Amino acid sequence: AQSVAQPEDQVNVAEGNPLTVKCTYSVSGNPYLFWYVQYPNRGLQFLLKYITGDNLVKGSYGFEAEFNKSQTSFHLKKPSALVSDSALYFCAVRPPSGGSYIPTFGRGTSLIVHP
Amino acid sequence: DVKVTQSSRYLVKRTGEKVFLECVQDMDHENMFWYRQDPGLGLRLIYFSYDVKMKEKGDIPEGYSVSREKKERFSLILESASTNQTSMYLCASSLMTESYEQYFGPGTRLTVT
């Protein structure tokens, strides 16, 4: 069975500083990995995904994520945080082809960027 | 641009009422999903549909049913609403490809009193 862990319920960072939101996963084979963002009272929005190839994936709003197979991690990063980045972030994993179409989500990490 | 719409943003119902939550997507996606979101519990899958009239139970199907009569529309039904079904309900759709991301609706915040 696949699983996703987001070890931090909340991450606090000062505006202008780099940010990291952590995600680790467990799945058989090579996974498909996703990050989504949820602003207050809104649905989730897709940010970026890792399918194959370059371990560093770039996405929307200046976010990027690094896939590390040996550490089974897919941490979300941004070089310089903005107050407007404050939101709830979800990591998700899907198994490779032939597996379930149903993704597994982490419990979410609340990112708070202080002015 | 993919669009997933949900029939209501906010809904207040009484215990025992039958509740219909509608979701429509405009990108011809095969897969559609219903989740509920509660603080500290993340997203929990209620039901999933991969084709018209096809459905699979998710993690928490009890007290819910679904209907998918047309490809673009996926309805969630609470047969007899209870207070423990007060929650945020999110609909999502995606292509039938594991590498494809999901697109979410804005959510319906349901309160059962």
Side-chain angles (χ1 to χ4, degrees), chain A residues 1-10 23 25 27-53 57 59-60 63 65 67 74 87-110, chain B residues 1-10 21 23-25 27 29-51 54-61 87-110:
Chain A
Q2 62 210 44
S3 65
V4 176
Q6 292 182 242
E8 301 153 318
D9 290 336
Q10 186 172 301
C23 172
Y25 66 89
V27 70
S28 298
N30 296 315
Y32 299 129
L33 294 157
F34 305 83
W35 275 103
Y36 294 85
V37 60
Q38 184 181 32
Y39 298 102
N41 296 312
R42 304 287 296 274
L44 278 67
Q45 289 177 236
F46 168 71
L47 269 181
L48 52 79
K49 64 183 175 184
Y50 172 81
I51 304 302
T52 187
V57 178
S60 307
F63 283 93
F67 171 65
F74 189 54
L88 193 55
Y89 291 81
F90 289 94
C91 181
V93 65
R94 266 179 167 164
S97 297
S100 169
Y101 295 116
I102 300 173
T104 298
F105 283 84
R107 292 197 169 188
T109 298
S110 178
Chain B
D1 200 22
V2 178
K3 198 164 186 181
V4 180
T5 57
Q6 295 183 229
S7 50
S8 305
R9 292 299 308 275
Y10 300 93
L21 302 182
C23 175
V24 178
Q25 51 95 2
M27 281 302 290
H29 287 169
E30 296 92 354
N31 294 344
M32 296 189 76
F33 308 77
W34 274 108
Y35 294 91
R36 65 176 281 177
Q37 182 180 16
D38 300 287
L41 297 178
L43 294 176
R44 293 183 290 169
L45 181 66
I46 305 172
Y47 269 99
F48 160 62
S49 170
Y50 54 90
D51 201 352
M54 306 304 288
K55 61 185 179 185
E56 285 188 15
K57 293 180 180 179
D59 301 317
I60 51 163
S87 186
M88 170 71 96
Y89 290 88
L90 293 169
C91 175
S93 72
S94 75
L95 289 174
M96 190 173 278
T97 306
E98 292 92 341
S99 62
Y100 196 75
E101 60 273 17
Q102 291 173 295
Y103 288 84
F104 285 80
T108 296
R109 187 166 294 282
L110 173 67

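Note on naming: letters A, B, ... go to the chains in the order of the sequence lines (proteins, then strands), and numbering restarts at 1 for each one. The structure displayed is predicted, hence computed values, not measured ones.
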| query | How long is the gap from CG on A/L47 to CD on B/E101, to the nearest 0.5 Å? | reply | 11.0 Å

| When rounded to the nearest 0.5 angstrom, what distance separates CZ in B/F104 from CZ in A/R42? | 14.0 Å

| request: Supply the atom-to-atom distance B/S94 OG to A/F34 CZ, rounded to the nearest 0.5 angstrom. | output: 8.5 Å

| said: Counting only non-hydrogen atoms closer than 4.5 Å, does B/Y89 touch chain A with its backbone (N, CA, C, O), its side chain (CB onward), both, or neither? | reply: neither

| Counting distance only, does the side-chain N/O of B/R9 pair as donor-acceptor with the main-chain N or O of A/N41 below 3.5 Å? | yes

| field | B/T5: side-chain contact (heavy atoms from CB on, under 4.5 Å) partners, not counting sequence neighbours | value | B/K3, B/V24

| Which atom of B/Q102 lies closest to which atom of A/P103, heavy atoms considered | OE1-CG, 3.2 Å

| note | Applying a strict 4.5 Å limit to non-hydrogen atoms, the region of A/Y36 in contact with chain B is side chain

| task | Supply the atom-to-atom distance B/Q37 CD to A/F90 CZ, rounded to the nearest 0.5 angstrom. | result | 4.5 Å

| note | CG of B/L43 to CG of A/L88, rounded to nearest 0.5 Å, is 8.5 Å

| Of the backbone (N, CA, C, O) and the side chain (C-beta and beyond), which part of B/Y50 lies under 4.5 Å from a heavy atom of chain A, both, or neither? | neither

| query | When heavy-atom pairs shorter than 4.5 Å are enumerated against chain A, which of B/P106, B/G42, B/A92 gives the highest number? | reply | B/P106

| Does any heavy atom of chain B fall under 4.5 Å from the side chain of A/Q6, the backbone, both, or neither of them? | neither

